[in-house]
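Right, one structure below, let's go through it.
We count residues from 1, following the sequence as given. Worth saying up front: this structure is predicted, and the values here are computed from it rather than measured.
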Amino acid sequence: MKKKIILSVLFIISLIPMLFSQYGGVKGVREASGLINLFNPVGIISCILFFVGIWLPLKNKTINKILGALGVWGIVISEIYKFLTWYIPNYEKKISLQYSFNNVFPEFYIGLAISLCMIVAYFIIDSKIKE
């Protein structure tokens, strides 16, 4: 039970950076919250997989571990996917990935780093703390 609570609290904490604006910041561009990372299908499915893997007791514990791991990896994939597809048309009306890189806030990178740390924490806690 202790491991489940620790992992759940850390996972929720790792999602906090998504509450802040992560994209935008130039004249005429509306700021976008990091919640778009969480509320896309990959983000939603990742949260469900994580909590099912942690809290739903399955006969095969390996499946629980895989589901939990897919959940934490899915959040990172969701963030990277949304970042790479969050293009802003430039003045020539072309999609420019470099323009997107230039208009992401530091909160995005902080959130991504925290999510990557959550992956490491998940595997360390899973291996060190017994249920």
Side-chain angles (χ1 to χ4, degrees):
M1 183 64 111
K2 180 180 177 182
K3 179 164 77 171
K4 292 178 182 183
I5 292 171
I6 291 171
L7 286 172
S8 296
V9 168
L10 288 176
F11 185 75
I12 291 168
I13 289 171
S14 76
L15 299 178
I16 289 175
M18 291 184 188
L19 299 175
F20 303 107
S21 293
Q22 294 188 351
Y23 308 104
V26 296
K27 188 174 184 180
V29 177
R30 188 175 63 124
E31 292 182 3
S33 168
L35 289 174
I36 63 174
N37 298 331
L38 185 60
F39 292 138
N40 68 50
V42 175
I44 292 169
I45 291 169
S46 297
C47 289
I48 292 169
L49 288 175
F50 176 80
F51 286 110
V52 166
I54 297 300
W55 290 99
L56 188 65
L58 300 174
K59 290 182 182 179
N60 187 344
K61 296 295 181 193
T62 304
I63 293 175
N64 283 95
K65 291 180 183 190
I66 291 170
L67 292 176
L70 286 173
V72 292
W73 273 106
I75 292 298
V76 172
I77 291 167
S78 172
E79 290 174 318
I80 292 171
Y81 168 78
K82 199 45 114 171
F83 171 74
L84 293 174
T85 59
W86 190 79
Y87 302 118
I88 302 171
N90 59 18
Y91 295 112
E92 299 161 356
K93 301 295 181 195
K94 294 180 183 174
I95 293 175
S96 170
L97 183 57
Q98 183 61 38
Y99 200 66
S100 292
F101 273 103
N102 293 338
N103 292 298
V104 68
F105 292 146
E107 288 85 346
F108 168 78
Y109 296 112
I110 293 167
L112 183 61
I114 290 171
S115 295
L116 289 168
C117 289
M118 180 61 205
I119 292 172
V120 174
Y122 174 80
F123 288 106
I124 290 172
I125 291 169
D126 187 57
S127 66
K128 300 287 182 190
I129 298 176
K130 302 295 178 203
E131 289 190 40

*Can you establish whether the number of heavy atoms outside F51 located under 6.0 Å from its atom CZ is more than 12?*
yes

*Following the transitive rule for hydrophobic clusters with a side-chain heavy-atom cut-off under 4.5 Å over Ile, Leu, Val, Met, Phe, Trp and Tyr, establish whether Y81 and F39 coincide in one cluster.*
no

*Between N64 (side chain) and I54 (backbone), is there a donor-acceptor pair under 3.5 Å?*
no

*For I6, all residues meeting side-chain contact (heavy atoms from CB on, under 4.5 Å), sequence neighbours excluded*: K2, L10, I125, I129

*asked:* What verdict does the side chain to side chain contact (heavy atoms under 4.5 Å, CB included) test give for C47 and L15, after you've listed the backbone C-alpha separation in whole Å, the side-chain angles of each residue and the deciding distance to 0.1 Å?
replied: CA-CA 10 Å; C47 289; L15 299 178; 4.2 Å; yes

_Separation of I110 CD1 from S115 OG (nearest 0.5 Å)_ = 12.0 Å

_If you define the side chain from C-beta out and look only at heavy atoms, does anything of I75 sit under 4.5 Å from M118?_
no

*For S127, which residues count as a side chain to side chain donor-acceptor pair (under 3.5 Å) partner, sequence neighbours excluded?*
none

*Specify the closest pair of heavy atoms between P17 and G111, including all atoms of both residues, with the distance to one decimal.*
CB-CA, 3.5 Å

*Minimum side-chain heavy-atom gap L7-W55 below 4.5 Å*: no

*Between F11 and F50, what is the ring plane arrangement, given parallel below 30°, perpendicular above 60°, and tilted in between?*
parallel

*asked:* Please list all pairs meeting salt bridge (Lys or Arg N to Asp or Glu O under 4.0 Å) that have one or both residues in residues 99-122, counting only residues at least two apart or in different chains.
replied: none

*Do the non-hydrogen side-chain atoms of L35 and L19 ever get within less than 4.5 Å of each other?*
yes

*For K65, does its backbone N or O pair with a side-chain atom of Y122 as donor and acceptor, under 3.5 Å?*
yes

*Do L112 and I119 belong together in a cluster built from hydrophobic side chains that touch within less than 4.5 Å?*
yes

*Rounded to the nearest 0.5 Å, what separation is found between the CG atom of L70 and the CD1 atom of I77?*
8.5 Å

*asked:* If I take atom CZ from residue F108 and atom NZ from residue K82, how far apart are they, to the nearest 0.5 angstrom?
replied: 12.0 Å

*Applying the 4.5 Å side-chain criterion to the ILVMFWY set and letting contacts propagate, would L56 and I44 be lumped into a single cluster?*
yes

*Do the side chains of L67 and L58 get nearer than 4.5 Å, heavy atoms only?*
yes

*Donor-acceptor pair, S46 side chain versus V42 backbone, under 3.5 Å?*
yes

_Any side-chain to backbone donor/acceptor pair from S8 onto I5? Under 3.5 Å, distance only._
no

*Same cluster or not: are F123 and I66 linked, directly or through other Ile, Leu, Val, Met, Phe, Trp or Tyr residues, by side-chain heavy atoms under 4.5 angstrom apart?*
no

*If Ile, Leu, Val, Met, Phe, Trp and Tyr residues are connected whenever their side-chain heavy atoms lie under 4.5 Å apart, and connections chain through other members, are I36 and Y109 in the same group?*
yes

*To the nearest 0.5 Å, what is the distance between CD (E79) and CG (L116)?*
7.5 Å

